[in-house]
J.: 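Pasting a structure here, questions to come.
Protein chains get the first letters and strands the later ones, always in sequence-line order, with residue 1 at the start of each.
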Amino acid sequence: MSDSPNSPPAKGLSISQRAMAARGPAAGAAPDYLAGLNPEQRLAVETTEGPVLVLAGAGTGKTRVLTTRIAHILATGRAYPSQILAVTFTNKAAREMKTRIGLLVGEAVEGMPWLGTFHSIGVKILRRHAELVGLKSNFTILDTDDQIRLIKQLIQAENLDDKRWPARTFANLMDGWKNKGLTPEKIPEGDARAFANGRGRELYRAYQDRLVQLNAADFGDLLLHPIRILSEHKDILADYHRRFRYILVDEYQDTNVAQYLWLRLLAQRPKTERSTLPGDTTQGRTAVAPDGTPPRSEPLGGGGGSEVNVCCVGDDDQSIYGWRGAEVDNILRFEKDFPGAAVVRLERNYRSTAHILGAAGHLIAHNEDRLGKTLFTEKSDPEDEKVTVTAAWDSEEEARAVGEEIEQLQRKGHLLNDMAILVRASFQMREFEDRFVTLGLNYRVIGGPRFYERLEIRDAMAYLRCICQPADDLAFERIVNTPKRGLGDAAIRLLHDFARARGIPLLAAAAELVTTDELKPKPRAALAEVVANFTRWSDQLSTMRHTDLAEMVLDESGYTGMWQNDRSAEAPGRLENLKELVRSMDEYESLPSFLEHVALVMDAEHAEELDAVSIMTLHSAKGLEFETVFLPGWEEGLFPHQRSLDEGGRSGLEEERRLAYVGLTRGKKRVKLWFVSNRRIHGLWQSTIPSRFLDELPEEHVDVIEASSSYGGYGARGFGDYGASRWDQNAFSASSYQTPGWRRAQAASGGAHASHKDRTVSYDENGATGQNLRARRPDAASRADRYIARDGGAAGAEREPTAFDRSGFAGRLTEPFSASHGRGRNEPPRKGAGLYSSARNGGPREISGELVAKSVAVEESRFGVGDRVFHLKFGNGTVAVVEGNKLTVDFDKAGQKRVLDGFVDAI
DNA sequence: CCCCAAATTATTTTT
DNA sequence: TAATTTGGGG
C-alpha cells in the first residue's frame, strides 16, 4: 500500500477530533508513529476499544492503519504481542504486516505469534487440540492433488463410475461446503443428492473418516476443525477469549462463512461469559490504558453484546472472490453482528490521480449493494492524463498497440517495472506474451503455476512426507513406483488389500508383505528395497541435517537419477527445481516445519530484480499498484464475463464491476483501457461489442483515443471524427484473401519462409529461479520461434499504417458496430491490409507453423514402398509409406495400418 | 511401459 | 483453435 504523502496538519477537523488526535500516551505530543496519519486513519488507529469497522478504499493506506494500530496497541501497553490476533488472507499480506510492524516497534514482532493467515492460525489452534477431532498433533495437510486422488479412490470404492462423477467436481463441491462451514450432517439435502447417485453425503463422510485414518486435514478442515473445537469446548473457547485482547482482520470483504464463524466465535463473547472475566487482570495488564483512554470511544460505541476489541478492515467495493465462497455480506452486516461498532471510512486516496479516481468512482457507483464511499485526492495536476479508451480490431492488434505504447513509455524513461497489463482471463495473456517475445520486451507473468505445485517438487515432497509421517499413505502411493521399480497395478492392489485387511498404513503393510511370498519375486525385491530405504532414512531423521537427508533421499531413491536419464526438454529444469527445493529447506530448522511451510504457503519467494512489465489477472492484481496500467479486453462477454452474468445474475455483474474498479484503482498515473471488435474464442472468431463498463465511465475523466493517432504519425483525431467513414472503408475494402483462414491455408501449403529468426528473446529459461517469470513449458521455445518468424515476415509491414488505423471506432462506444460488418458470425474478421500481409506486395506473407524442424535423427527403415511384409496380427500386406522406422502398410485383410518397422518381417 | 489418436473442454485462485 | 486428458494398441 502506498506510504505516500502524509496528511496535512490537522486542519479542517472538528475540535473533538483534534482533541482526540492529540491525546497521546503521555500528555500532549503524539508518538511519532502516529505523526504521518490523516485524521481518519488516526481515528481508526486510536479507536482501540470496541468493535471497529474500517472501510478502507483502494489506496487509502489500509495496511498502514492496520500496522500502526497494532503498534499503537503495543506501544501504549494495552496488550502484549501474544495477546493480539491478526489475520490476513495471504501469506504475502501477513509477511508485509510483520515487516512493517517490525519497522514501527522494533523487534517486538517476533513475539507476535498470532499474526498470520486464517489457515496458518487455524493450523496452530488445531495442532494444540487435534485429539479433540480425532487427529494427532502431527497431522499432515493435504494439497489439492492428494485430495483428488483420495476422492477418486473413494468413488471407486463405492463402485461409482469415476467418469460420470469426477473426483475434481466433488472436490470443488466439498470445498464449497467447507467454505460454508458445513459438516456432512449439515449439507443441504439437494446438494447431497446431486452427486454420486445421491450418495454425496456418504461420500463426504467417508472422505472425512479417511482423513482421520490418514491423520490428515485438508485446507477446509484447518478452519472447520477449529470451529468445531471452539464451539464444542467452552473452556477452550474461554481460554482463547482470555488470550486475545485485540483481534484484527484484514480484507474482511473476502471472508467466507467458515472464516466468519471462526472469527465470531473468537470475537463475540457471550454475555454470560463476560461476568466470568472480570477485567482480565489475570493477564498482568489492565484493560484501561496507562493514558487513561476510556475503554470505548464515546461518540461511537453504543454498548452492545460483544466485548472483544475487534477491528475489521476491508473494502466492499473490492470484494472479488464471491465465486470462491467469500461473502460480501459479512462486511455489509458488520454493524449488526457487532452492535455499536464504530465505522471509520478512509476515502482519502494517496495513490491515483483525480481522473483515475473519478473514473473508478463513477463506475462503482453503478453497484447497488455497497456501503458507499467516494475516494478523493488532494493531488491535482493539470498535466494529469485522463483515463484512455482505445479500440483495436482484434486481440493481436491490441497486443501490438499496447506493446508499442509500452516501448514508447520506456523510451521516455519509464521503468517497465512500473507498468502492468491486467487481464480478465488468463488466456488473454498469451497474445501479450507472444508479442513481447517478438519485441524482446521483458515481461513477467504473475500467478500461474506455482513452485510447490510442480510435479517434481510434489514427488520429492512425498518422499519427505513418508519419512516424517510413515502413515502418510497418499504420499507413499505417489512414490512407491516413482521412479519406476516394476511395482505395477497388480502389486499395488495386493499391497492395498493387505493393508486394509490389517488396518495398517501402506508402508507398514509393505514391510510385512515382503516377508511373505504373496508377491512375485521381482516386485517383492523392489518393494523390500523401498521399505529398507525408508527405514534407513527414518532412522537418520534425528541424526542428520534435514537438507543433507533430503539430498540423500532424492539420490538413493533414484529420483534424481530418473530425471538425469530423462532426455526431454524439461528435465534439466526439473533438476534445477529440485536443487532449489533443497536450498530453500535450509531456512527451516527441521523437516516437519518445512513441510508445514510448504503445505500452507505453496509458493517460493524470489527477489525479482529485472526490469519487466507485469502481466497478470485482475484478481491477482488486488493490493498492487503501478504507475501505468493497461486494461485490455473490455468487451461484453469477456468483461463482464458471460459466465458471471449467467450464473451470478445481478450480483455476478456487480462483482465484475468491482473487478473493473479494482483494475482502475491499481493505476497511479495512467490507466489505459482497450477493447477489440473481434476476438477469437475457442477457435471461433466472434464479433464483440464494447463492455458496458466503458459506458459507465464519466466523460470528463476519459479520453477516447483513436488507436493509431498517438504513434502512427497521423495526428490525433477527436472523438468521433471520421469514425464511421473509416469503418466503412475497413468493412468493405478488405479482400477475402486477407482473412486469417486464407492466410492459414497459404501458410499450410508451405508458401513462405521466415528470414529473421534471430531476435533476442529474454526470459528466464525454465522458471526455476523465480515464480514470477512464468515457467517455460517445453513447447515454449518453439512457440516463441514461431512468432519471431512471423514478426520477421511482417517487419516491413509494421511501419505502414496498420489496420489499427481503421479500427472502426465509430464515435459512440456502445454502438455495436462490429456486429454489422456484413459477415457471418463465425467467419474470421477481415482485417485491413498491412499487418501481416501487404496488398502492395501482392499477397499475404504470413508465416506460421513450426520453423524448427523436428529433426530427430530418423532411423532408416529396412523396407521400401511396395515391399511385401508379414505382420503377426494383421497378416500379409504391402508397404505404402515409409517414415523413418514407421511404416504404413496396406494389409490384405486388415486394411491400412501404421506399424513399427520392427513388428513386420519381409516375405 | 510408451506412443499416438481421439475425446474433451476450455473464468477468476488462495490456503 | 489448442492444450490437455484418456484409452487403445504395439
J.: Is the ring centre of A:W323 under 5.5 Å from the base ring centre of B:dT12, and are the two planes under 30° apart, so that they stack?
T.: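 Stacking is present between B:dT12 and A:W323, given that their ring centres fall under 5.5 Å apart and the planes under 30°.
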J.: Atom NZ of A:K152 to atom P of C:dT5: distance rounded to whole Å?
T.: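 For the pair A:K152 NZ and C:dT5 P, the rounded distance is 11 Å.
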J.: Answer yes or no for A:R657 and A:F693: cation-pi contact, defined as NZ/CZ to six-membered ring centre under 6.0 Å and angle to ring axis within 45°.
T.: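 Relative to the ring axis of A:F693, which defines the angle, A:R657 lies outside at least one limit.
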J.: If you measure from the ring centre of A:H619 to the centre of the six-membered ring in the base of B:dT12, is it under 5.5 Å, with the planes under 30° apart?
T.: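 Stacking between A:H619 and B:dT12: absent.
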J.: When you compare C:dT5 with B:dT12, how far apart are their P atoms, in angstrom units rounded to a whole number?
T.: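 15 Å, rounded to whole Å.
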J.: Hey, do the aromatic rings of A:H619 and A:W323 have their centres closer than 6.0 Å?
T.: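 Ring-ring flag for A:H619/A:W323: true, centres closer than 6.0 Å.
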J.: Which sits closer to the 5' end of DNA chain B, A:L487 or A:R643, going by the nucleotide each is nearest to?
T.: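 The answer here is A:L487.
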J.: With the 90 degree cut-off around zero defining syn, does B:dT12 come out syn or anti?
T.: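 Anti for B:dT12; the angle lies over 90° from 0.
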J.: Using purine N1 to pyrimidine N3 plus N6-O4 or O6-N4 for Watson-Crick, or N1-O2 and O6-N3 for G-U wobble, each under 3.5 Å, what pairs with C:dG9?
T.: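 The answer is B:dC2, by the H-bond criterion.
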J.: Does a nitrogen or oxygen in the side chain of A:R430 sit under 4.0 Å from OP1 or OP2 of C:dA3?
T.: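 So the side chain of A:R430 is within the cut-off, an N or O lying under 4.0 Å from OP1 or OP2 of C:dA3.
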J.: Assess whether one donor atom and one acceptor atom, taken from the side chain of A:R680 and the base of C:dT1, lie less than 3.5 Å apart.
T.: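 Side chain to base: no pair present.
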J.: Among the candidates C:dA2, B:dT15, B:dT13, find the nucleotide nearest to the side-chain atoms of A:T617.
T.: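 Nucleotide nearest to A:T617's side chain: B:dT13.
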J.: Classify the side-chain pair A:Q147/A:D143 by whether it contains a donor and acceptor separated by less than 3.5 Å.
T.: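 No, A:D143 and A:Q147 have no side-chain donor paired with an acceptor closer than 3.5 Å.
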J.: For the side chain of A:S319 and the backbone of A:D316, is there at least one donor-acceptor N/O pair under 3.5 Å apart?
T.: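 No.
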J.: Please give, in whole Å, the distance from B:dT13 P to A:D143 CG?
T.: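 It is 18 Å, rounded to the nearest whole Å.
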J.: Using only side-chain N and O atoms of A:S426, determine if any of them is under 4.0 Å from OP1 or OP2 of B:dT12.
T.: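 Indeed, a polar side-chain atom of A:S426 lies that close.
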J.: Atom CG of A:L653 and atom C1' of B:dT12: how far apart are they, to the nearest Å?
T.: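 Taking atom C1' of B:dT12 as the reference, CG of A:L653 is at 15 Å.
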J.: Compute whether any side-chain donor of one residue and acceptor of the other, for A:D459 and A:T482, lie under 3.5 angstrom apart.
T.: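 Looking only at side-chain atoms, A:T482 and A:D459 do not form any donor-acceptor pair under 3.5 Å.
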J.: Starting at OH of A:Y321 and ending at P of B:dT11, how long is that distance when rounded to a whole Å?
T.: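 Spelled out: OH on A:Y321 to P on B:dT11 is 17 Å.
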J.: With sugar-phosphate meaning primed atoms plus P, OP1 and OP2, does A:E656 contact a base, only sugar-phosphate, or nothing at under 4.0 Å between heavy atoms?
T.: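 Since a base atom lies under 4.0 Å of A:E656, the category is base.
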J.: Are A:N91 and B:dT14 close enough that a side-chain N or O sits under 4.0 Å from OP1 or OP2?
T.: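 Looking at the OP1 and OP2 atoms of B:dT14, neither is under 4.0 Å from any side-chain N or O of A:N91.
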J.: Nearest-nucleotide wise, let me know which of A:R485 and A:S644 is further upstream toward the 5' end of DNA chain B.
T.: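 On the 5' side of the pair lies A:R485.
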J.: If you measure only the distance, is there a donor-acceptor pair under 3.5 Å linking the side chains of A:S691 and A:E635?
T.: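 Result is no, nothing qualifies.
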J.: So what does A:N481 hit on the nucleic acid, given a heavy-atom distance under 4.0 Å: a base, only sugar-phosphate, or nothing?
T.: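 Sugar-phosphate contact only - A:N481 comes under 4.0 Å of backbone atoms but never of a base.
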J.: Whole angstrom is fine here: how far is it from NE2 in A:H597 over to P in B:dT15?
T.: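 Atom-to-atom, A:H597 to B:dT15, this comes out as 11 Å.
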J.: Measure from CG on A:D646 to P on B:dT12 and round the result to the nearest Å.
T.: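 Result: 16 Å.
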J.: Strictly by Watson-Crick or wobble contacts shorter than 3.5 Å, is anything paired with B:dT11, and which nucleotide is it?
T.: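 Checking every strand shown, B:dT11 finds no partner, since no pair has both distances under 3.5 Å.
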J.: Nearest whole angstrom, please: distance from the C1' of B:dT13 to the CG of A:N179.
T.: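 In whole Å, B:dT13 C1' lies 12 Å from A:N179 CG.
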J.: Please work out if A:F89 contacts a base, only the sugar-phosphate, or nothing of the nucleic acid, heavy-atom cut-off 4.0 Å.
T.: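 Contact class for A:F89: sugar-phosphate only.
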J.: Between B:dT13, B:dT15, B:dT11, which nucleotide gets closest to the side-chain atoms of A:T90?
T.: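 Closest nucleotide among those given: B:dT15.
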J.: Check the distance between B:dT14's P and A:I320's CD1 and give it to me in whole angstrom.
T.: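 Value for this atom pair: 11 Å.
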J.: Take atom P in C:dA2 and the same atom in B:dT13, then report the distance between them in whole Å.
T.: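 That atom pair is separated by 23 Å.
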